[in-house]
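For reference, the structure discussed in these notes is given below.
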Amino acid sequence: MTEKSSKDTAWLAKAVQNGDRRALARAITLIESARADHRGDADALLETLASSGRQALRIGLSGTPGVGKSTFIEAFGCRLTKAGRRVAVLAVDPSSTRTGGSILGDKTRMERLAREPNAFIRPSPSQTHLGGVARRTRDAVALCEAAGFDIVLIETVGVGQSETIVAEMSDLFVLLLAPAGGDELQGVKRGIMEIADLVLVNKADGDLKSTAIRTAADYAGALRLWRKRDGDPEDFPKAMTVSALDETGLSEAWGEMQKLAVFRQETGFWDSRRAQQARGWFADEVRQGLLRRLASDPKADAAMARLSDDVAEGRRAPGAAAAEVLGRLGNDPV
Ligand code: GDP
C-alpha cells in the first residue's frame, strides 16, 4: 500500500465510522473491486474498522420474485427509520452473477425508503460466482455495522444456494411467502424451512386474507414438526401473516424478531454463533487466498497442468501429485 492510499484508507475509515453514507458507498465499492491493488486497501480498511465493536441486528430475508420483498422491506424499513433506527438494505442476487445486473436492493424498488436519511440501500455486487458475492456482502455487512447501522437487512431470492449463504451471515432468517393452497405448501424446500426463524405469509389483505391465514396455520403446523433449534425459545420457528401493502402485522413481526434476538443474546447463542461465523470466514479467506496464489503462480500452474495429465493417465496418485504442486507455491504474500 502506498503512503497516499494508506492516508485515503484512514480518512475513509473515519468517515464510515461517522456514519457518512457517501463514504460507506465508496467503501463498499472499494471492497467489491476486483483490482489487486484495491484488495490491500480494502483489507486495511476492514481491519481498521473491525475494532469498532459495533453490532447490528442482521436479518436475512428471502422470498421468490413477486412475493412482496421490496414492498415489505420498504414498509418495514420506513417504520424502523421513523422509530429512529438506522437501517441498511443489502442484497445477494444469484442472477447478478450471470447477468452482471441486479434486481434486488434496487433503490427504484424502494423509493420511499431510499429517501429516508436513516436508510442505506445497496444492490447486489455482480461477480462471476456466488462465492464472490457472498464474500463481498459479508464485508459490506461489516462496513454497515461500523457505520453505526442498527439493522442490516440482507435480501435474497428463493433460489439455489443463496438462502443458505444469506442465512449463514445473518442473526435471524425470515422467509416471506405468498398465500397458497395445501399442495403448494409441499413445494417449499425442506432446506429453507429448516433455516427459517420466522415465516411471514404476505398479502394477508382483501380477498387473499383468509387464504393467507390458512397458509400461515399450515406452515405453523409444519414448523412444529421440525425440532426446535438448540438455544431457541419453545415457540420458534414461527409462522404469521402480514400485509406489506396495508402495513398490517409488521409491528408484530418486528416484535417477534426482537424477542428472538434478545433471547439469543441472553443465552449466549448470539455470541457463540457470531464467533463461529467469523472462524468460518477466516478459514474461507485462507482457502481463497491459497487458490488465488495457486492461480497466479506460473510454476505451480505449469506443474498443475503437467501433473493433472499424469494423474489422468494413472502415472501418479492424486494425493502425492497435489502435494508436489503445493510444494512449488512461492512464499509471496497474496
Ligand atoms: P418482490 O419481487 O418480492 O420484491 O415483490 P414486490 O414487492 O415487487 O411485489 C410484487 C407485487 O405484489 C406488487 O404488485 C406488489 O404491489 C404486490 N404486493 C406486495 N405486497 C403485497 C401485499 O401485502 N398485499 C397485496 N395484495 N399485494 C402485495
Side-chain angles (χ1 to χ4, degrees), residues 59-81 87-99 101-116 119-126 133 137 151-163 165-167 170 172-181 184-185 187-189 192-193 195-196 198-219 238-257:
I59 305 173
L61 181 88
S62 172
T64 47
V67 73
K69 288 182 301 303
S70 46
T71 313
F72 175 84
I73 293 173
E74 170 135 290
F76 187 67
C78 283
R79 268 174 185 244
L80 293 172
T81 54
V87 178
V89 181
L90 304 174
V92 171
D93 184 354
S95 68
S96 72
T97 62
R98 286 189 300 273
T99 62
S102 171
I103 52 154
L104 296 179
D106 180 350
K107 284 188 189 138
T108 57
R109 291 164 70 231
M110 306 169 196
E111 274 177 7
R112 204 153 49 91
L113 186 60
R115 283 197 301 271
E116 285 289 321
F120 176 81
I121 302 177
R122 180 84 180 189
S124 181
S126 39
V133 173
T137 306
I151 293 139
V152 180
L153 280 163
I154 313 159
E155 180 191 11
T156 193
V157 281
V159 273
Q161 263 196 301
S162 66
E163 284 131 353
I165 284 173
V166 170
S170 307
L172 303 176
F173 192 75
V174 178
L175 175 63
L176 211 57
L177 294 171
E184 284 168 70
L185 197 74
V188 175
K189 287 168 289 168
I192 183 155
M193 290 295 275
I195 55 175
L198 194 61
V199 170
L200 299 179
V201 180
N202 190 32
K203 309 196 182 181
D205 50 54
D207 294 345
L208 290 169
K209 189 166 179 175
S210 55
T211 318
I213 293 172
R214 236 185 1 258
T215 309
D218 288 348
Y219 278 106
K238 209 172 237 191
M240 56 201 289
T241 58
V242 291
S243 166
L245 207 60
D246 287 357
E247 307 202 6
T248 52
L250 301 183
S251 308
E252 289 81 356
W254 173 232
E256 296 298 340
M257 291 180 216

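Only a predicted model underlies this, so the values are computations on that prediction, with no experimental measurement involved. We count residues from 1, following the sequence as given. Counting starts at 1 for both ligands and their atoms, following the listed order.
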Legend entry - Minimal non-hydrogen separation, Gly68 against Ala244, with atom names: O-CB, 4.5 Å
Inset, instruction - Answer with yes or no whether Gly206 contacts ligand 1, where contact means a heavy atom under 4.0 Å from a ligand atom. - result: no
Legend entry - Closest non-hydrogen atom pair between Glu155 and Ser70, with its separation: OE2-N, 4.4 Å
Inset, instruction - Ignoring hydrogens and angles, tell me if any N or O in the side chain of Glu247 forms a donor-acceptor pair with the backbone of Ala75 under 3.5 Å. - result: no
Legend entry - N/O separation below 3.5 Å, Ala204 to ligand 1: no
Legend entry - Backbone or side-chain N or O of Leu245 under 3.5 Å from ligand 1 N or O: yes
Inset, instruction - Check ligand 1 against Lys69 and write out every atom of the ligand that is under 4.0 Å from a heavy-atom position of the residue. - result: 1 (P), 2 (O), 3 (O), 4 (O), 5 (O), 7 (O)
Inset, instruction - For ligand 1, find out whether one of its N or O atoms is nearer than 3.5 Å to an N or O atom of Asp246. - result: no
Legend entry - Qualifying residues under salt bridge (Lys or Arg N to Asp or Glu O under 4.0 Å), relative to Glu116, sequence neighbours excluded: Lys82
Legend entry - Heteroatom proximity flag, Val242 to ligand 1, N/O under 3.5 Å: no
Inset, instruction - Quick one: look at Val67 and ligand 1, take heavy-atom pairs under 4.0 Å, and tell me if it's side chain, backbone, both or neither. - result: both
Inset, instruction - Can you sort out the partners of Arg214 under side-chain hydrogen bond (donor to acceptor under 3.5 Å, both in side chains), two or more places apart, ordered by chain and number? - result: none
Legend entry - Closest approach of Cys78 to Arg112 (non-hydrogen atoms, all atoms of both residues): SG-NH1, 3.9 Å
Inset, instruction - Give the numbers and elements of all ligand 1 atoms closer than 4.0 Å to a heavy atom of Thr64. - result: 3 (O)
Inset, instruction - Output yes when a side-chain donor or acceptor of Lys69 lies under 3.5 Å from a complementary backbone atom of Thr64, and no otherwise. - result: yes
Inset, instruction - Measure the distances from the heavy atoms of Leu208 to every atom of ligand 1 and state whether one is below 4.0 angstrom. - result: no
Legend entry - Thr71, any N or O under 3.5 Å of ligand 1 N or O: yes
Legend entry - From CD (Glu256) to NZ (Lys238), nearest 0.5 Å: 3.0 Å
Inset, instruction - Indicate yes or no: does an N/O atom of Phe72 lie under 3.5 Å from an N/O atom of ligand 1? - result: no
Legend entry - Nearest heavy atoms of Phe76 and Met257, plus distance in Å: CZ-CE, 3.6 Å
Legend entry - Contacting atoms of ligand 1, where contact means under 4.0 angstrom from a heavy atom of Pro65: 2 (O)
Inset, instruction - Answer with yes or no whether Gly63 contacts ligand 1, where contact means a heavy atom under 4.0 Å from a ligand atom. - result: no
